[in-house]
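Note sheet for the following structure.
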Amino acid sequence: KPAPVAAVTARIMSVNVVPGGTQILIGRGTASGASDGMKARIAGVGHTPAIGNCKETSCTAVFKATPDQVKGGGGTVTLLP
């Protein structure tokens, strides 16, 4: 399966506090171009973690940021190959 070649955007479906930061549920999965290991970027948050737990319609990522910082990014995340 070829790796994605362009950045894609997705909605942030949920935000939860977890040990080490804030976990987001990303509303894009393997059926729509997301894959484990892509980098997640949220506007205003300096940390770009790798995404994981990708299923057909969703993935997760844990940011070293507060929920308010994550929500301040406008509700979307950019996934970078």
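Every value quoted in this text rests on a predicted model; they were computed, and no experiment measured them.
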Fill in the blank from the handout: Applying side chain to side chain contact (heavy atoms under 4.5 Å, CB included) to Val8 and not counting sequence neighbours gives Arg28, Met38, Leu79

Problem - Ile51 vs Val77 side-chain heavy atoms within contact, under 4.5 Å - result: no

Problem - Spacing of OG1 belonging to Thr9 relative to CG belonging to Leu80, to within rounding of 0.5 Å - result: 11.0 Å

Problem - Thr22 side-chain N/O to Phe63 backbone N/O, donor-acceptor pair under 3.5 Å - result: no

Handout entry: Beyond-backbone contact of Pro49 with Val62, side-chain heavy atoms, under 4.5 angstrom
Key = no

Problem - Nearest heavy-atom neighbours spanning Cys54 and Ser35 - result: SG-C, 3.6 Å

Problem - ILVMFWY cluster, Leu25 and Val70 together (side-chain gap under 4.5 Å) - result: no

Exercise for the section: Check side chain to side chain donor-acceptor pair (under 3.5 Å) between Gln23 and all other residues, then give those that pass, not counting sequence neighbours. Expected result: none

Completion exercise
For Ala61 and Ala40, the nearest pair of non-hydrogen atoms, with its separation, is CB-CB, 4.2 Å

Handout entry: Qualifying side chain to side chain donor-acceptor pair (under 3.5 Å) pairs, either residue in residues 45-58, two or more places apart
Key = Asn53-Thr60

Practice task
Might you point out which heavy atoms bring Ile42 and Gly73 nearest each other, and give the distance in Å?
Solution key: CG2-CA, 3.7 Å

